[in-house]
Every structure is written in C-alpha cells, then in structure tokens.
Amino acid sequence: MTRNRIQAAALHEFAYKGYEGTPLSEIAKEVGIKTPSFYAHFRSKESLLLHLYDEVLQDRVDAVRRLMNRLESAPPSERLFRILVLFCHGEDLSEEKLLFLKRLTLFPPPTLEQEIKARFLASERLLSNPLGGIFQEAAALGEIRPTPSDELLASYYCLIDGCFVQRFYYPPQEAEHRLTLAWRIFWNGIKR
C-alpha cells in the first residue's frame, strides 16, 4: 500500500536527515511516486511528520502498558526499574524509530515545536496515572517514604529522559552501567 510505503520512507528520511533536510520529492522518489501523488495520502509534509510522531509515541505507551501487565505481580521497585530499562534501551522500538523520536523530541522543527511538545506531554500523561499508581503502591507497602506523586513522577521522568539520551552517547555497556547507577541512587533516595 502506497500510504504505508510513504510512512516507511519518511520515517527513515526524517530519522537520518531531519525534517528540514528531507524534501517531499525525496520521499516520493524513494516510494516510486511523483511528488504531487503524495497529497492523495497526506495533506502535507507536516501532517505526515505529526502522524509518524503520534504513532511512535503510541507504540511506546502501548509497550509500557504491556510490560506493566506482564509485571503486575512483581514488586513496585522491579516494575519501575524494568519500565526505566524499556525506555532507555528502546527495546520497544526499532533503532530508526528511536532516532526519529530523539531527533524530534530534542530538536523539533521550529515551526512545529509547540505541537511536538504538546503531543509528547499528552503521551506522557497517558502513563502518569499507572506510574503514579506504582509509586502509591510502593508507599503503601512501606518500600518508599510518603512523597507526593507529582514529585516522584517528575523525578522519574527526568531519570528516564537522561538515561534515554545517554544510550546515544555511550557504548552499550557503559550506558547500562550508568542506568544501573542512576536507578540505585534514585531508589535509595526515595526508599524508606
């Protein structure tokens, strides 16, 4: 299907060349269509980019929810650590999707910056209640000190974001080591 081929080509181009570095003609050429034919499938290059971003964010939310379901009976600390690992290692997304996500989240096109941020925050909110529930459970079990959920979530999201970025700068073993150290310091800081 042409629409799927456009999405695959665009994801690749946007991931490796960025939004501004990818003309529609290049996507059309890779798919084997003429540039005007693109508009039969997407309103604009911007709408294609936002569609892809929404899909990748939703893939991530779905992966975290599946992991939460699989680990439902595990202790809260293990669930939170495994979710952190999922986010930071990117086991849920292809390398191309991870690069696309990193590029768009950290360096959004100026004309779409506010829209990208709004969509990112909306996807984060989809996970805040279930993650907050895990922290509340940890507090009820006496694993952590009573702390407002919003403070715990803000700290946890900062941990996720930092570890996610580090995976692109350090060799896998070093990134893994840093993730483990960061988790240990984080958990020791909140545990009872």
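No hydrogens, no waters, no symmetry mates; every other heavy atom, side chains included, goes into these values. This is a predicted model, so every value here is computed, not measured.
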So how far is it from [X] [atom1] to [Y] [atom2], rounded to the nearest 0.5 Å?
{"X": "E46", "Y": "R43", "atom1": "CD", "atom2": "CZ", "result": "9.0 Å"}
{"X": "I83", "Y": "C88", "atom1": "CD1", "atom2": "SG", "result": "11.5 Å"}
{"X": "W187", "Y": "L84", "atom1": "CH2", "atom2": "CG", "result": "12.0 Å"}
{"X": "Q58", "Y": "E55", "atom1": "CD", "atom2": "CD", "result": "9.5 Å"}
{"X": "K34", "Y": "L24", "atom1": "NZ", "atom2": "CG", "result": "15.0 Å"}
{"X": "L67", "Y": "R82", "atom1": "CG", "atom2": "CZ", "result": "5.5 Å"}

>> Please determine whether the number of non-hydrogen atoms from other residues, nucleotides or ligands lying under 6.0 Å from atom CZ of F107 exceeds 12.
In response: no
>> So for atom CZ, which belongs to R103, do other residues, nucleotides or ligands contribute more than 12 heavy atoms lying within a distance under 6.0 Å?
In response: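 Yes - once you tally the heavy atoms of other residues, nucleotides and ligands closer than 6.0 Å, there are more than 12.
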>> Taking R167 first and then E95, would you say they form a salt bridge - that is, a charged N and a carboxylate O separated by under 4.0 Å?
In response: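 Salt bridge flag = yes for E95 with R167.
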>> Quick test of your reading of the model: are R79 and E137 salt-bridged, counting only N-O distances below 4.0 Å?
In response: yes
> Ignoring hydrogens and geometry, is there a side-chain-to-backbone donor-acceptor pair from K45 to T22 under 3.5 Å?
Replying inline: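 Pair found, side chain donor or acceptor close to backbone of T22.
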> For E176, does its backbone N or O pair with a side-chain atom of T180 as donor and acceptor, under 3.5 Å?
Replying inline: yes
>> For W183 and F81, take the angle between the two ring planes, folded into 0 to 90°, and tell me which bin it lands in: parallel under 30, tilted 30 to 60, perpendicular over 60.
In response: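 Tilted.
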> When the ring planes of F135 and Y156 are compared, do they come out parallel, tilted or perpendicular, using 30° and 60° as the limits?
Replying inline: perpendicular
>> Less than 6.0 angstrom separating the ring centers of Y16 and F100, yes or no?
In response: no
> Using the benzene-type ring in the case of Trp, are the ring centres of Y19 and F14 under 6.0 Å apart?
Replying inline: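 Between F14 and Y19, which both carry aromatic rings, the centre distance is below 6.0 Å.
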Non-hydrogen side-chain atoms of [X] and [Y] separated by less than 4.5 Å:
{"X": "L131", "Y": "L153", "value": "yes"}
{"X": "E26", "Y": "E13", "value": "yes"}
{"X": "Q136", "Y": "S149", "value": "yes"}
{"X": "S128", "Y": "Y157", "value": "yes"}
{"X": "F42", "Y": "I27", "value": "no"}
{"X": "F186", "Y": "S155", "value": "yes"}
{"X": "L127", "Y": "R60", "value": "no"}
{"X": "L104", "Y": "P109", "value": "yes"}

>> What verdict does the side chain to side chain contact (heavy atoms under 4.5 Å, CB included) test give for T105 and D161, after you've listed the backbone C-alpha separation in whole Å, the side-chain angles of each residue and the deciding distance to 0.1 Å?
In response: CA-CA 10 Å; T105 303; D161 294 343; over 6 Å; no
Shortest non-hydrogen contact between [X] and [Y], atoms and distance:
{"X": "R192", "Y": "P146", "value": "NH2-CD, 3.3 Å"}
{"X": "T35", "Y": "S25", "value": "OG1-CA, 3.3 Å"}
{"X": "A175", "Y": "Q166", "value": "CB-O, 4.3 Å"}
{"X": "G21", "Y": "P23", "value": "O-CD, 3.5 Å"}

Honestly curious: do [X] and [Y] fall in one hydrophobic cluster under the side-chain, below-4.5 Å linking rule?
{"X": "L126", "Y": "I116", "result": "no"}
{"X": "Y39", "Y": "L48", "result": "yes"}
{"X": "L121", "Y": "L49", "result": "yes"}
{"X": "V61", "Y": "L52", "result": "no"}
{"X": "L152", "Y": "F87", "result": "yes"}

Distance-only check: which donor-acceptor pairs under 3.5 Å involve side-chain atoms of residues 5-12, not counting sequence neighbours?
{"from": "R5", "atom 1": "NH2", "to": "V31", "atom 2": "O", "distance (Å)": "2.8"}
{"from": "Q7", "atom 1": "OE1", "to": "H51", "atom 2": "NE2", "distance (Å)": "3.0"}
{"from": "H12", "atom 1": "ND1", "to": "E96", "atom 2": "OE2", "distance (Å)": "2.6"}

>> Is the positively charged end of K102 above the ring of F164, judged by distance under 6.0 angstrom from the centroid and angle within 45° of the axis?
In response: no
> Has R178 got its NZ or CZ under 6.0 Å from the middle of the six-membered ring of Y170, at an angle within 45 degrees of the ring axis?
Replying inline: yes
>> The criterion is salt bridge (charged side-chain N to carboxylate O under 4.0 Å, His left out); which residues satisfy it with D62, sequence neighbours excluded?
In response: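 Applying salt bridge (charged side-chain N to carboxylate O under 4.0 Å, His left out) to D62 gives none.
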> Please walk me through it: do T147 and I190 pass side chain to side chain contact (heavy atoms under 4.5 Å, CB included)?
Replying inline: CA-CA 8 Å; T147 307; I190 64 171; 5.5 Å; no
> With respect to L86, which candidate in L93, I160, D92 satisfies the side-chain contact (heavy atoms from CB on, under 4.5 Å) definition?
Replying inline: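 So, applying the side-chain contact (heavy atoms from CB on, under 4.5 Å) to L86 and each of L93, I160, D92, only D92 qualifies.
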